[in-house]
Each structure stands twice: as structure tokens, then as C-alpha cells.
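Notes for the one structure printed next.
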Amino acid sequence: MRVLLVEDDRALADGLSRSFIDWGFDVTLATTGAYADTALRTQPYDLVMLDLGLPDSDGLELLRQLRARKSAVPVLILTARDGLNDRVKGLGLGADDYMTKPFELQELEARVRALLRRSHGGFNHDIVVGRLIFDTLKQQIKVDDIPILLPSREFGVLEALLLQMGRVVSKDSIAQRLAVHADELADNAIEVYIHRLRKRLIPVGINIRTIRGLGYLLEQNKDA
Ligand code: CA
């Protein structure tokens, strides 16, 4: 999940960045309207946190232009302005939610998650395979409710398999997902990750089946 944090107050921006990272987001910080505008025109985001009072422009103008470009990215306005006028204007210009400073982090998190649920068509963001639960928003894997920490490459491979649960996932599409995580892959790297994941998953009752020439299939071991 990628969030663009538009906020010129450095202390607040740093605090918010840390919170969003804790909640499982990749954070891009924009401290000016110009930077935010460039970011929004060049990168995809899952969420925009928008301050209205920016040093070089007004957040509402940024929002107006964003919606004029037909972008549907969820926007949550977070501002010190609490006038009814600004609130109505912000929502009228296509903001999805509006919060005023000061605010409670807990409430912000709840609203952010609600927005993301809505923008993803209300789908349940947990993928459950037997005792394993993958929270796709938090990017967290739990077994028996205990978070499991995996090396990032192994996590990427498992994520690829979980997101396509019940389907055969080709080595190519796994490699594509790993490109997000890092550098280059040695020839048999994916086999190595699959081998390590198998060892971890067998005790949990999950198999990774090799389908010759096609790829891998994640499945629950029915006998487990
Ligand atoms: Ca500001």
C-alpha cells in the first residue's frame, strides 16, 4: 500500500510517516504542493493524506486538479482549518474524508482502513489458508495468530502464491513480484526460496506443489 503524505509541518509529517510505516504502508512525503503535484502525476498511490495549508499552494487546488484528471485515489484531508466552509468545499471537490488537527491516531487509522476497504470494493483483505492468515493491507502473515517474520524475498514468493491461491503461479510472475524487493535473481533462486518456504509451511499444513513446466501451486494439506 502506498500513501502520499502531503504535509509541510515537519514534526507532524515525521510522526505520521512513522505511523503509516507501522500500519504497513510505503510512505512518500511531500512538503510542498509542487512536489505533491509531481508525485501524483507520476506515481500510483493507494491513499493521499492532504494538508490544506501548504507553503506554495492550497491543498484544495491540488485536489481539484487531481479529480479533474479523473483520478479516483482516496483522499483524506487532514487540516487545522475546521471551518464548515472548508469541509464542505473539500468534500465537494471529491475528498473522501476530512479530519481536523489535533486528531487521535487511533481514529485516523480507523478512518484510513475504512477508506481503503471502500476503495477496494469492500473486499476482505485477509487471505486465509488453514492456520495461516495473510493481511494484505498490513502485509503481515500470521500463523495461529502469531506474526511470522520472513526474509523479504521469501515473503515476496509466498505473497505471490497467496494472492493467486488455487492457481498455478509461474516462475516469471514470481520473479516479477520479487523485482519490487530487490536486485537480480540467481538462476535457481526461486527454487531455493520455494524449498525454504516448504520447510516452514509443512508443519502448518500447507503444501507448495511443483507443476512441471508451469510453476507452483499453494494448497492446504487436507489431512493436516
Ligand atoms: Ca500546513
Side-chain angles (χ1 to χ4, degrees), residues 1-60 62-63 66-67 71-82 87 90-91 93-127 133-142 147-152 155-156 158-159 162-163 177 180-182:
M1 288 285 147
R2 305 181 56 172
V3 61
L4 177 66
L5 196 57
V6 186
E7 178 58 68
D8 64 317
D9 176 332
R10 283 314 290 239
L12 179 58
D14 287 348
L16 280 173
S17 292
R18 276 194 298 275
S19 296
F20 273 95
I21 289 166
D22 281 350
W23 300 337
F25 285 83
D26 286 335
V27 178
T28 303
L29 176 62
T31 54
T32 64
Y35 188 93
D37 189 52
T38 306
L40 286 168
R41 286 172 193 273
T42 52
Q43 299 290 326
Y45 293 98
D46 299 291
L47 177 71
V48 178
M49 293 294 302
L50 184 62
D51 179 25
L52 295 187
L54 296 169
D56 57 340
S57 64
D58 190 315
L60 287 177
L62 214 62
L63 175 62
L66 182 69
R67 294 309 187 216
S71 167
V73 60
V75 174
L76 197 164
I77 292 176
L78 183 59
T79 180
R81 299 186 199 165
D82 59 354
R87 187 181 293 249
L91 295 172
L93 284 172
D96 298 274
D97 204 351
Y98 195 108
M99 276 181 82
T100 48
K101 303 167 186 170
F103 58 93
E104 293 291 329
L105 264 182
Q106 252 183 330
E107 185 184 0
L108 177 63
E109 183 182 10
R111 290 199 190 202
V112 162
R113 298 215 181 277
L115 272 186
L116 291 172
R117 269 199 302 278
R118 263 187 269 155
S119 78
H120 288 92
F123 85 85
N124 182 347
H125 49 79
D126 285 347
I127 294 174
I133 297 177
F134 175 41
D135 182 328
T136 56
L137 282 188
K138 288 191 187 162
Q139 293 277 292
Q140 189 180 58
I141 292 174
K142 287 184 178 178
I148 303 297
L149 287 177
L150 292 175
S152 74
F155 178 88
L158 183 54
E159 182 184 30
L162 284 165
L163 290 173
R177 181 159 291 274
V180 177
H181 290 279

Next on the checklist: Just verifying a value: how many Å separate D14 CG and D9 CG, rounded to the nearest 0.5 Å?
Outcome noted: 9.0 Å
Checklist entry - Can you tell me how far the CZ atom of F155 sits from the CD atom of Q139, to the nearest 0.5 Å? => result 4.5 Å
Item to check | Smallest separation among heavy atoms of G33 and S57, with atom names | outcome: CA-OG, 3.3 Å
Checklist entry - Between atom OH of Y45 and atom CG of L66, what is the distance when rounded to the nearest 0.5 Å? => result 11.5 Å
Checklist entry - Are Y35 and D8 side-chain neighbours, meaning at least one heavy-atom pair lies under 4.5 Å? => result no
Next on the checklist: Using salt bridge (charged side-chain N to carboxylate O under 4.0 Å, His left out), reason through D22 and R18 one step at a time and then give a plain yes or no.
Outcome noted: CA-CA 6 Å; D22 281 350; R18 276 194 298 275; over 6 Å; no
Checklist entry - With a cut-off of 6.0 Å (strictly less than), are more than 12 heavy atoms of other residues, nucleotides or ligands near CD of Q43? => result yes
Next on the checklist: With a 3.5 Å distance limit and no angle check, can you tell me whether D51 reaches the backbone of V6 through a side-chain donor-acceptor pair?
Outcome noted: no
Checklist entry - Given side chains that start at C-beta, do those of V112 and F20 come closer than 4.5 Å, heavy atoms only? => result yes
Next on the checklist: Can you list everything that forms a salt bridge (Lys or Arg N to Asp or Glu O under 4.0 Å) with R87? Sequence neighbours excluded, please.
Outcome noted: none
Checklist outcome for this item: Interatomic distance, CZ@F25 vs CG@L16, rounded to 0.5 Å, equals 12.0 Å
Item to check | From M49 atom CE to L76 atom CG, the distance as rounded to the nearest 0.5 Å | outcome: 4.5 Å
Item to check | Considering all heavy atoms, the nearest I77-A95 contact | outcome: CD1-CB, 3.6 Å
Checklist outcome for this item: Shortest non-hydrogen pair, S17 vs L5, comes out as OG-CD2, 3.5 Å
Checklist entry - Within the side chain of D135, is there an N or O that forms a donor-acceptor pair under 3.5 Å with the backbone of Q140? => result no
Item to check | Flag, side chain of D96 to backbone of V75, donor-acceptor distance under 3.5 Å | outcome: yes
Checklist entry - If you look at every heavy atom in G90 and L60, which pair is closest and at what distance? => result CA-CD2, 3.6 Å
Item to check | Flag side-chain contact, heavy atom, 4.5 Å: R67 against L93 | outcome: no
Next on the checklist: Show the nearest heavy-atom pair for residues A13 and L29, with the distance to one decimal.
Outcome noted: CB-CD1, 3.6 Å
Checklist outcome for this item: Tightest non-hydrogen contact, residues L50 and G59, listed as CD2-O, 3.4 Å
Checklist entry - Would you say the side chain of R111 lies within less than 4.5 Å of the side chain of Y98, judging by non-hydrogen atoms? => result no
Item to check | Test item: L47 and M1 side chains (from C-beta on) under 4.5 Å apart, heavy atoms | outcome: no
Checklist entry - Side chains of W23 and R113: closer than 4.5 Å at any heavy-atom pair? => result yes
Checklist entry - From I141 CD1 over to I133 CD1, what is the distance, rounded to the nearest 0.5 angstrom? => result 11.5 Å
